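Written below as structure tokens is the structure these notes are about.
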Amino acid sequence: MGSDSTTFEGKALSILKSMTDELSTEARRGFDHNGRSLWTFTGALLYSFTVVTTIGYGDIVPITFRGRSATMLFGTLGIPLTLLCLANLGYYMACLVRKVVFKFRKKEEDDDKEHVPMWICLLCMYGYLCLGGWLFCLWEDWEFYEAFYFCFTTLSTIGFGDFVPGVGEVGEADNFEKQLVCLFYLLSGLALLAMNFELIKMSVVELCLCVACRLGLVEMETGDGEPQNQEQVTPV
């Protein structure tokens, strides 16, 4: 009796392992659990976006020589262009936000001592993450924390791939809509993240200059090229 039970468990585990291996192989080939191909136009567009932004979900991967070669060539050209584009976009967005903040505070735009408070940057960033968490929580069968976790890992370009929106659903049109909105959310979020990093960088650089000036390591210069008095330098 015991040997029969052991044999049955061994056969069941063997069948279960073969099924999971087959499902894993089909998933890596670009098919969902219903046998539909994930290599649609929006799916390929989302894949291309995750390549150039270095997010790399890993839910679908190229398995042919031509596909892998195209991915390497596309990434070699696209990744530096994307990083350059995001850096420039973040800089101009940061300048625009500074002008709005200065106008609200009635400050002069050329006042380099004034910067956007860091709490505003963090509030914008986590507010955008909460917005994405609420959106994907409504669309997907996710809890809010899971959706927030997906937004954080995506916009930080970690991209584990354990949560991917619009994959494996029944309606193809629904997938198309979700993946397009996901692309727009990711693009806007990366630009917002670059803007926040630029604003925080301005504050940190000014703070480091103030500390170095207090310690006598550097001399701050005024607009006419004369060294600025250390008492006139105040940290952000």
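These numbers were taken from a predicted model, which means no experiment stands behind them. Reckoned from all heavy atoms, side chains included, excluding hydrogens, waters and symmetry mates.
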Can you name the residues that form a side chain to side chain donor-acceptor pair (under 3.5 Å) with [X], not counting sequence neighbours?
X: Asp162; answer: Tyr149
X: Tyr91; answer: none
X: Ser156; answer: none

Can you find a heavy atom in the side chain of [X] that is under 4.5 Å from one in the side chain of [Y]?
X: Leu81; Y: Val52; answer: no
X: Thr157; Y: Leu190; answer: yes
X: Phe49; Y: Leu187; answer: yes

Between [atom1] of [X] and [atom2] of [Y], what distance do you get to the nearest 0.5 Å?
X: Met195; Y: Met125; atom1: CE; atom2: CE; result: 10.0 Å
X: Thr154; Y: Leu129; atom1: OG1; atom2: CG; result: 10.0 Å
X: Leu192; Y: Leu86; atom1: CG; atom2: CG; result: 11.5 Å
X: Phe150; Y: Tyr145; atom1: CZ; atom2: OH; result: 15.0 Å
X: Trp119; Y: Tyr126; atom1: CH2; atom2: OH; result: 16.0 Å
X: Glu206; Y: Cys208; atom1: CD; atom2: SG; result: 10.0 Å

Would [X] end up clustered with [Y] when hydrophobic side chains under 4.5 Å apart are linked, directly or stepwise?
X: Ile158; Y: Tyr57; value: yes
X: Met72; Y: Ile55; value: no
X: Leu123; Y: Val100; value: no

What pairs with [X] under side chain to side chain contact (heavy atoms under 4.5 Å, CB included), at least two apart in sequence or on another chain?
X: Ala212; result: Leu217, Val218
X: Leu96; result: none
X: Cys121; result: Val116, Asn196, Leu199, Ile200
X: Ala87; result: none

Any idea which heavy atoms bring [X] and [Y] closest together, and the distance?
X: Pro62; Y: Gly67; value: CB-C, 3.7 Å
X: Met202; Y: Ala94; value: CE-CB, 4.3 Å
X: Gly133; Y: Ala147; value: O-CB, 3.2 Å
X: Ala191; Y: Leu89; value: CB-CD2, 3.5 Å
X: Gly75; Y: Pro80; value: O-CD, 3.9 Å
X: Cys182; Y: Leu46; value: SG-CD1, 4.4 Å

| query | Residues in ring pair (Phe, Tyr, Trp, His ring centres under 6.0 Å) with Tyr185, at least two apart? | reply |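 Tyr185 satisfies ring pair (Phe, Tyr, Trp, His ring centres under 6.0 Å) with Tyr128, Phe136 only.
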| field | Inter- and intrachain pairs under salt bridge (charged side-chain N to carboxylate O under 4.0 Å, His left out), touching residues 185-201, at least two apart | value |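 Non-adjacent pairs meeting salt bridge (charged side-chain N to carboxylate O under 4.0 Å, His left out): Glu198-Lys201.
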| query | For atom CZ of Phe163, is the number of surrounding heavy atoms from other residues, nucleotides or ligands below 6.0 Å larger than 12? | reply |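 Counting other residues, nucleotides and ligands, CZ of Phe163 exceeds 12 neighbours.
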| message | Please determine whether the number of non-hydrogen atoms from other residues, nucleotides or ligands lying under 6.0 Å from atom CZ of Phe144 exceeds 12. | response |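 Yes.
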| field | Chi angles and distances behind the side-chain contact (heavy atoms from CB on, under 4.5 Å) call for Leu186, Thr53 | value | CA-CA 10 Å; Leu186 296 182; Thr53 55; over 6 Å; no
| task | List, by chain and then residue number, the residues other than Leu73 in its hydrophobic cluster (Ile/Leu/Val/Met/Phe/Trp/Tyr, side-chain heavy atoms under 4.5 Å); write none if there are no others. | result |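 Listed partners: Leu77.
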| request: Share the residues that join Ile79 in a hydrophobic cluster, the rule being Ile, Leu, Val, Met, Phe, Trp or Tyr side chains under 4.5 Å apart at the heavy-atom level. | output: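 Cluster partners of Ile79: Leu83.
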| task | List the steps, then state whether side-chain contact (heavy atoms from CB on, under 4.5 Å) holds for Leu131 with Leu135. | result | CA-CA 6 Å; Leu131 176 63; Leu135 178 64; 5.7 Å; no
